[in-house]
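The sequence lines fix the lettering, A, B, ..., with proteins before strands; numbering per chain opens at 1. Being a predicted model, the structure only gives us computed values, none of them experimental.
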Amino acid sequence: MSAVVKLSNVHKSFGTNKVLDGVSFEVGRGEVAAVIGQSGSGKSTALRCINALETIDGGTIDVCGHAVHDAKLDRRSLRRDVGIVFQSYNLFPHLTAEQNIMLAPTCVKNKSKAEARDLAHDVLRRVGLAEKADHFPEQLSGGQQQRVAIARSLAMQPKLMLFDEVTSALDPQLTGEVLKVMEDLARGGMTMILVTHEMAFARKVASQVVYMHKGKVWETGPGAMLDKPNTAELADFVGSGL
Amino acid sequence: MTYQFDFSSLLAYWPEFLQGAWLTLQLSAVSTVAGFIVGTLCAIGRSDGPPWVKFLVGSYVEIIRNTPLLVQVFIVYFGIATLGVRVSANTAAVVALVVNVGAYTCEIVRAGLESVHKSQLEAADCLGLSKPQIYWHVVIRPAIERVYPALTSQYVLLMLASSITSQISAEELTAVANRIQSDTFRSFETYIVVGIIYLALSFVVRIALWLFGLAVFVRKRKLGTAL
Ligand SMILES: Nc1ncnc2c1ncn2[C@@H]1O[C@H](COP(=O)(O)OP(=O)(O)OP(=O)(O)O)[C@@H](O)[C@H]1O
Ligand SMILES: [Mg+2]
């Protein structure tokens with residue numbers, strides 16, 4: 001199995017604050033990796049490094065054949081292969097759901113308006129929001145906005161999807177509808193890395209759980225590892241009900 | 001003592017009032033469009049340009065905002081003449097108004113640009129959009145939508161302030177009024193009439209900008225947000 005994402009001994013500091021301290025893990029094609037850990041353990045930073053939103057101080061990151069650590073990285077070509085969804089949705093407020101989705105395919109892939117619109121309807125259907133195409137973000141619930149954000153990434157047909165606590169701002173019911181979309185994606189064979197506090201979801205959907213602690217990968221294994229942790233820290237973390 | 005109003009002697013002048021009002025509208029329209037372009041470019045330069053551009057634009061904006069329009073009009077008018085270029089008073093008036101309103105537009109638009117959250121840029125970047133594409137689709141358009149009400153007020157103000165260009169004898173409404181009142185000796189009545197015409201023009205400009213906003217900013221139209 002070829003790795004879609006491979007981090008080797010990644011180091012990253014913000015000033016004197018060492019945030020990633022030799023992080024290594026890899027994610028194969030079609031795999032779903034759930035990254036968990038306490039607040040401040042470096043989960044978001046790791047994700048942002050994978051997408052070249054942060055530059056790293058040491059180590060290597062390979063993503064879909066791109067050497068992300070390389071200073072000569074072609075960021076825009078990396079962007080074509082990687083989609084990312086944030087906790088705060090970040091939809092463009094002045095565009096409808098459909099226009100939010102059409103923007104990148106028309107600008108980046110030079111698709112015609114008609115093609116892009118078809119594509120938008122297609123991905124909106126996949127996230128169960130076909131009838132909301134003409135709605136502006138502020139007319140949608142948080143869960144719906146987040147599903148549009150996922151659809152917007154999907155429209156670029158990425159090989160890898162990154163999710164950073166995409167349900168943390170949502171109440172339980174809305175969380176459910178977003179998680180369902182992600183589960184469908186996973187079933188469809190999408191390679192995904194998700195930072196999440198939803199332990200039940202991680203256990204159920206993830207093929208690999210990465211527990212981060214103090215900037216290191218403390219423990220990694222299949223979902224079942226959450227039931228019998230090897231380290232005291234993970235036991236603590238799971239036990240704390242987070 | 002009671003003043004005897006006499007508007008009848010002004011009746012004969014209505015074509016000239018109309019002519020003046022029309023020129024005021026034309027001056028304002030041209031200055032608004034050109035001022036908007038100048039101001040927007042300056043705003044981009046001042047918020048994202050290299051240091052020397054920031055300095056240049058910053059100086060321009062502060063000089064204009066801290067000197068009287070009348071003085072700016074004279075400087076432009078005599079400045080152009082000194083350069084040996086012959087232009088009409090109307091052209092000089094437009095140039096002066098553009099220079100003036102460009103500076104105010106710059107600051108209004110800049111406030112809009114800076115209100116666009118960094119996370120929006122990041123999201124667009126992650127979708128693979130290029131810098132110029134991000135700027136156009138994700139920064140400028142929502143920024144201008146947001147500050148459009150402030151721009152509208154500024155451009156109504158510009159129309160009213162164009163009255164000052166009568167001082168270099170641009171043939172706009174106030175200049176016409178000055179002439180009529182010296183012909184008729186009916187100064188009070190003349191300026192009452194002119195005041196009413198300015199009120200009507202303000203109304204026209206506001207309506208026009210409001211309709212333009214409705215046409216351009218679909219979201220505001222759909223959501224019924226006030227413009
Ligand atoms: N841009 C930045 N500049 C400076 N410090 C930062 C920056 N981003 C993150 N940090 C610091 O890096 C550390 C790890 O942050 P990170 O966001 O990766 O944690 P996290 O595991 O995602 O936490 P959470 O669960 O709260 O989202 C924190 O101490 C944070 O303050
Ligand atoms: Mg985080």
For B:Leu127 and A:Val108, what are the C-alpha separation, side-chain angles and deciding distance, and is it a side chain to side chain contact (heavy atoms under 4.5 Å, CB included)? CA-CA 8 Å; B:Leu127 287 166; A:Val108 181; 5.8 Å; no
Determine, step by step, whether B:Asp125 and A:Leu53 satisfy the side chain to side chain contact (heavy atoms under 4.5 Å, CB included) criterion, reporting the C-alpha distance in whole Å, the side-chain angles of both residues, the deciding distance to 0.1 Å, and the verdict. CA-CA 9 Å; B:Asp125 177 34; A:Leu53 284 170; 4.0 Å; yes
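When each of A:Asn90, A:Leu78, A:Ile84 is paired with B:Cys126, the side-chain contact (heavy atoms from CB on, under 4.5 Å) condition holds for A:Ile84 and for no other.
Between the side chain of A:Arg79 and the backbone N or O of B:Leu129, no donor-acceptor pair lies under 3.5 Å.
Of all the heavy atoms in A:His94 and B:Arg219, the pair that sits closest is CA-NE, 3.8 Å.
Counting heavy-atom pairs closer than 4.5 Å to chain B, the top residue among A:Arg48, A:Arg75, A:Gln139 is A:Arg48. Contact count versus chain B (heavy atoms, under 4.5 Å) is highest, among A:Ala149, A:Gly83, A:Ser88, A:Pro93, for A:Pro93. Comparing A:Leu103, A:Val82, A:Asn51, A:Leu95 by how many heavy-atom pairs each has under 4.5 Å with chain B, the most go to A:Leu103.
A 4.5 Å side-chain heavy-atom check between B:Gln120 and A:Phe92 finds at least one atom pair inside the cut-off.
Other residues, nucleotides and ligands contribute over 12 non-hydrogen atoms within 6.0 Å of the NZ atom of A:Lys109. Remark: A:Lys18 NZ is packed, more than 12 non-hydrogen atoms of other residues, nucleotides or ligands lying under 6.0 Å away. In the displayed structure, B:Lys54 atom NZ is contacted under 6.0 Å by more than 12 heavy atoms of other residues, nucleotides or ligands.
Contacts between B:Gln133 and chain A at a heavy-atom distance below 4.5 Å involve the side chain alone, from C-beta outward.
Applying the salt bridge (Lys or Arg N to Asp or Glu O under 4.0 Å) test to pairs two or more places apart or on separate chains, those with a residue in residues 93-108 of chain A are A:Glu98-A:Arg117.
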